[in-house]
Peer 1: 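Here it is, the structure in full.
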Amino acid sequence: MARKENIEKLKTEKDGIAILHKQLQGFMVPSVEEKRKLYALCDIEYRRFFKSIDGIVLFVKSIEHVKTSKDFLFVEVKTTKSKSVKELPYGAFFGFTENEEQLFKSQSNYRLCIVHTVLEEYCLITFSEYEQLIQNKRIQYQINFKSS
């Protein structure tokens with residue numbers, strides 16, 4: 001992928017997160033320490049899944065008040081600016097890693113969040129909704145060669 005495309009995707013994701021900050025009550029991006037605390041609370045292996053969420057939604061005053069997994073949601077953000085997407089989540093196209101999907105499947109408090117950055121709308125979906133919405137799914141390998 002060209003560097004320009006990477007930069008554009010990062011900008012779109014930042015735009016999506018900004019929309020969630022404005023519109024989704026309790027949404028925040030946790031610090032590394034906060035994320036570690038929440039992963040430990042949910043018995044999630046941090047080293048394996050540290051990149052598998054983008055944010056959280058708190059149902060309590062602050063992370064210090066989180067006592068159980070029912071006090072918050074893990075949120076993985078996927079953004080689109082597609083003109084063909086008129087109603088979320090229908091028609092959305094995105095990449096999803098195996099780790100993201102495994103965590104999604106294993107945690108009842110994990111939500112996939114699709115954000116349309118042009119319409120400035122979002123939707124949160126559960127794993128069962130995700131499974132029902134899939135039109136097609138293909139595996140794509142990411143390869144890293146070792147250093148010389």
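Sequence positions, counted from 1, serve as the residue numbers for this chain. For the numbers below, each heavy atom of this structure counts, side chains included, while hydrogens, waters and symmetry mates do not.
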Peer 1: Would you say Phe50 ends up clustered with Val32 if hydrophobic residues are merged whenever their side chains have heavy atoms under 4.5 Å apart, either directly or through other cluster members?
Peer 2: yes
Peer 1: Starting from the C-alpha separation in whole Å, work towards a yes-or-no answer on side chain to side chain contact (heavy atoms under 4.5 Å, CB included) for Glu98 and Gln102.
Peer 2: CA-CA 6 Å; Glu98 183 179 7; Gln102 285 180 356; 3.3 Å; yes
Peer 1: If two hydrophobic side chains count as joined below 4.5 Å and joins carry through other members, does Leu112 share a cluster with Phe127?
Peer 2: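 Both belong to a single hydrophobic cluster.
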Peer 1: Using atom types as modelled and distance alone, determine if a side-chain donor or acceptor of Asn109 lies under 3.5 Å from a backbone N or O of Ser69.
Peer 2: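 Yes, the answer is positive, given that a donor and an acceptor are paired below the 3.5 Å cut-off.
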Peer 1: Taking all heavy atoms of Gly16 and all of Thr79, pick out the closest pair and write down the distance.
Peer 2: CA-CG2, 3.8 Å
Peer 1: Running the 4.5 Å side-chain criterion over Ile, Leu, Val, Met, Phe, Trp and Tyr, what cluster does Phe27 land in, apart from itself?
Peer 2: Ile17, Ile19, Leu20, Leu24, Val29, Val57, Phe59, Leu73, Val75, Val77, Val115, Tyr122, Leu124
Peer 1: Begin with the C-alpha distance, continue with both residues' side-chain angles, and end with the deciding distance and a verdict on ring pair (Phe, Tyr, Trp, His ring centres under 6.0 Å) for Phe74 and Phe104.
Peer 2: CA-CA 9 Å; Phe74 289 118; Phe104 192 12; over 10 Å; no
Peer 1: Tell me whether Lys70 contacts the main-chain N or O of Lys67 through its side chain, where contact means a donor paired with an acceptor under 3.5 Å.
Peer 2: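 Flag not set: sc Lys70 to bb Lys67 has no pair under 3.5 Å.
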Peer 1: Looking at side-chain heavy atoms only, is the closest gap between Asp54 and Glu13 below 4.5 Å?
Peer 2: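 Asp54 vs Glu13: side chains touch.
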Peer 1: Could you tell me if the side chain of Ile63 sits less than 4.5 Å from the side chain of Met28, heavy atoms only?
Peer 2: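 Heavy-atom side-chain distance check passes, below 4.5 Å.
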Peer 1: Hey, does the side chain of Glu34 reach the backbone of Ser31 with a donor-acceptor pair shorter than 3.5 angstrom?
Peer 2: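 Yes; at least one donor-acceptor contact below 3.5 Å.
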Peer 1: Report yes if the side chains of Tyr110 and Glu76 come closer than 4.5 Å at any heavy-atom pair, otherwise no.
Peer 2: yes
Peer 1: Do Phe72 and Leu38 come within less than 4.5 Å of each other through their side chains, counting heavy atoms only?
Peer 2: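 With C-beta onward as the side chain, the pair touches.
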Peer 1: Please step through side chain to side chain contact (heavy atoms under 4.5 Å, CB included) for the pair Tyr90 and Leu133, ending with a clear verdict.
Peer 2: CA-CA 8 Å; Tyr90 305 104; Leu133 285 163; 3.5 Å; yes
Peer 1: Would a hydrophobic clustering, with Ile, Leu, Val, Met, Phe, Trp and Tyr connected at side-chain separations under 4.5 Å, put Leu58 with Leu41?
Peer 2: yes
Peer 1: Show your working on side chain to side chain contact (heavy atoms under 4.5 Å, CB included) between Ile53 and Tyr39 and close with a plain yes or no.
Peer 2: CA-CA 11 Å; Ile53 67 158; Tyr39 275 39; 3.6 Å; yes
Peer 1: Identify whether Leu119 and Val85 are in the same connected component of the hydrophobic contact network (ILVMFWY, side-chain heavy atoms under 4.5 Å).
Peer 2: no
Peer 1: Under the salt bridge (Lys or Arg N to Asp or Glu O under 4.0 Å) rule, collect the residues that match up with Lys137, sequence neighbours excluded.
Peer 2: Glu101
Peer 1: So, Gln132 side chain and Glu129 main chain: donor-acceptor pair closer than 3.5 Å or not?
Peer 2: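 The answer is no, because no donor-acceptor pair under 3.5 Å joins these two groups.
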Peer 1: Looking at every non-hydrogen atom in both residues, tell me the closest pair between Arg111 and Thr126 and how far apart they are.
Peer 2: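 Residues Arg111 and Thr126, closest heavy atoms: NE-CG2, 3.6 Å.
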Peer 1: Looking only at non-hydrogen atoms, find the nearest pair between Gly55 and Pro30 and report the distance.
Peer 2: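 Result for this residue pair: CA-CD, 3.8 Å.
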Peer 1: Taking salt bridge (Lys or Arg N to Asp or Glu O under 4.0 Å) as the test, write out the residues that go with Lys35, two or more places apart.
Peer 2: none
Peer 1: Mind checking whether Glu100 and Lys78 have side chains closer than 4.5 Å, heavy atoms only?
Peer 2: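 They are in contact (side-chain heavy atoms under 4.5 Å apart), so the answer is yes.
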Peer 1: Please report the interatomic distance NZ(Lys14) to OG1(Thr12), rounded to the nearest 0.5 Å.
Peer 2: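 OG1 of Thr12 is found 11.5 Å from NZ of Lys14.
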Peer 1: Let me see the working for Leu103 and Ile44 under side chain to side chain contact (heavy atoms under 4.5 Å, CB included), right down to the final yes or no.
Peer 2: CA-CA 8 Å; Leu103 195 59; Ile44 297 169; 3.7 Å; yes
Peer 1: Any side-chain heavy-atom pair from His65 and Asp71 closer than 4.5 angstrom?
Peer 2: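 With C-beta onward as the side chain, the pair stays apart.
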Peer 1: Is there a side-chain contact between Thr80 and Thr117, using heavy atoms and a 4.5 Å cut-off?
Peer 2: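 With C-beta onward as the side chain, the pair stays apart.
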Peer 1: Do Asn99 and Lys51 touch side chain to side chain, with heavy atoms closer than 4.5 Å?
Peer 2: no
Peer 1: Take atom CZ of Phe96 as the centre, draw a 6.0 Å sphere, and report whether it contains more than 12 heavy atoms from other residues, nucleotides or ligands.
Peer 2: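 More than 12 within 6.0 Å, yes.
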Peer 1: Look only at the side chain of Gln23 and the backbone of Glu120, and say whether a donor-acceptor pair between them is shorter than 3.5 Å.
Peer 2: yes
Peer 1: For Tyr130 and Phe94, take the angle between the two ring planes, folded into 0 to 90°, and tell me which bin it lands in: parallel under 30, tilted 30 to 60, perpendicular over 60.
Peer 2: tilted
